[in-house]
Amino acid sequence: MLVYPSGIDLSSRTLQHLSGLLAGHRRRIGSRWRRLTCGRQAVLVLAHLRCGDTYARLAAGFRVGIATVHRYIREAVDLLAAFAPTLEQAMTTVRKKAYVILDGTVLPIDRIAADRPYYSGKKKHHGMNVQVLTDPAGRLIWASDVLPGAVHDLTAARTHGIPAALAADDVKCWADKAYQGAGPAVRVPFRGKNLRDWRRSHNRDHAKIRSLGERAMATLKCWRLLRKLRCSTTRITAVVRAIVALELAT
């Protein structure tokens, strides 16, 4: 198999952060020798998460077995996921903000037509629903665990306890029309196509504020693995949490 050098559009700070976590983990478990150093393992994991490189390609590029690649990636993802904030921890940050923006997206997965719970009628593809909170500038604060793509955004938000947490701390939140009925803490635009006067103006101003939340979605989608997930659906929450932990740490 031909092997060629490539690049990852991440800073050395991200590499150093992950390398440090892996080095500390190896010391804790007493790992004496491995085929790859902590730095090389970190590069392998980042190539998978950021570039979406498959296990087979990584195995050829790093000259290790596919089983070794799987073990290295799973180890690093679980290690990173443990550092992602919970909703309760994120609320500590949220309380300091003037308001937050709530949005949801469906991460594509390679499921078949029979897997109806994962099919999103809105997006017209199979996927996993993830909810995201951002600050007024669109910077990522928190991402939820994933739910099947067939779950509506409002149902997902309630399942994770987002409206209740925002209302308890009296935090203002902007969201789109999908969150109608989420409660007094979540502000949504008026529904309808032929709105007039102040309602149309209100929706226009609301959209300007809420659109900044798309920056966080774009930040997540820069990790190309999330553009087409081929792993088990039980592992996607850990992958999302690992990526969030890297984004918040660097």
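The first residue of the sequence shown is numbered 1, and numbering continues consecutively from there. Because the structure is predicted, anything quoted here is derived from the model rather than measured.
With hydrogens and angles ignored, the 3.5 Å screen pairs a side-chain donor or acceptor of Q89 with a backbone N or O of T86. Checked by atom type and distance alone, the side chain of D169 never pairs as donor or acceptor with a backbone atom of V171 at under 3.5 Å. Panel note: side chain Q180, backbone P189; a donor-acceptor pair is recorded below 3.5 Å. Looking only at distances, no side-chain donor or acceptor of T134 sits under 3.5 Å from a matching main-chain atom of A216. With R215 contributing its side chain and R139 its backbone, the two residues share no donor-acceptor pair below 3.5 Å. Counting only distance, with no hydrogens or angles, the side chain of S144 and the backbone of Q131 share a donor-acceptor pair below 3.5 Å. Remark: the backbone N or O of L15 is paired with a side-chain donor or acceptor of S19 at under 3.5 angstrom. A donor-acceptor pair is defined here as one N or O able to donate and one able to accept, closer than 3.5 Å; no such pair exists between the side chain of D53 and the backbone of R57. The backbone N or O of V94 sits nowhere less than 3.5 Å from a side-chain atom of K97 that would complete a donor-acceptor pair. Using a distance-only test at 3.5 Å, with no hydrogens or angles considered, no donor-acceptor pair links the side chain of R28 to the main chain of A23.
Annotation: ring-ring contact (aromatic ring centres under 6.0 Å, His included) contacts involving residues 43-71, sequence neighbours excluded, comprise H48-Y55, Y55-H70. Sorted by first then second residue, the ring-ring contact (aromatic ring centres under 6.0 Å, His included) pairs that include residues 128-166, not counting sequence neighbours, number zero.
Residue K172 qualifies as open at atom NZ: its count of foreign heavy atoms under 6.0 Å is 12 or below. Environment of CZ in R35: sparse, with no more than 12 heavy atoms of neighbouring residues, nucleotides or ligands closer than 6.0 Å.
Ring pair W198/F190 is perpendicular by interplanar angle, where above 60° counts as perpendicular and below 30° as parallel.
The side-chain heavy atoms of L44 and R40, taken from C-beta on, include no pair separated by under 4.5 Å. The side-chain heavy atoms of K221 and T105, taken from C-beta on, include a pair separated by under 4.5 Å. Taking the side chain as every heavy atom from C-beta outward, H17 and R13 never approach each other to under 4.5 Å. Using a 4.5 Å heavy-atom cutoff, the side chains of Y99 and C173 are not in contact. Using a 4.5 Å heavy-atom threshold, the side chains of T155 and L147 count as separate. Side chains of L212 and P136 form no contact here, defined as non-hydrogen atoms less than 4.5 Å apart. Inter-residue side-chain proximity for V240 and L107 is flagged as met; some heavy-atom pair is nearer than 4.5 Å. In this structure the side chain of I8 reaches within 4.5 angstrom of the side chain of C51, judged on heavy atoms.
Clustering ILVMFWY residues whenever any of their side-chain heavy atoms sit less than 4.5 angstrom apart, transitively, puts V186 in a cluster other than the one holding L154. Criterion: ILVMFWY side-chain heavy atoms under 4.5 Å apart, direct or through other members. Under it, V151 and L133 are not part of a common hydrophobic cluster. No chain of hydrophobic side-chain contacts below 4.5 Å, direct or via other Ile, Leu, Val, Met, Phe, Trp or Tyr residues, connects I141 to I243. V106 and L140 end up in different hydrophobic clusters when Ile, Leu, Val, Met, Phe, Trp and Tyr side chains are linked at under 4.5 Å. Under the 4.5 Å side-chain heavy-atom criterion for ILVMFWY residues, no single connected hydrophobic cluster contains both V130 and I101.
Using a 4.0 Å cut-off between a side-chain N of Lys or Arg and a carboxylate O of Asp or Glu, D78 and R235 qualify as a salt bridge. Ion pairing of D9 with R224 is present here, as a side-chain N (NZ or NE/NH1/NH2) and a carboxylate O approach within less than 4.0 Å.
A cation-pi arrangement is present between R50 and W223, with the terminal nitrogen or guanidinium carbon under 6.0 Å from the aromatic centre and inside a 45° cone about the axis.
Taken to the nearest 0.5 Å, the OH atom of Y119 stands 7.5 Å off from the NE2 atom of H126.
When only modelled atom types and interatomic distance are considered, Q41 and R26 share a side-chain donor-acceptor pair under 3.5 Å.
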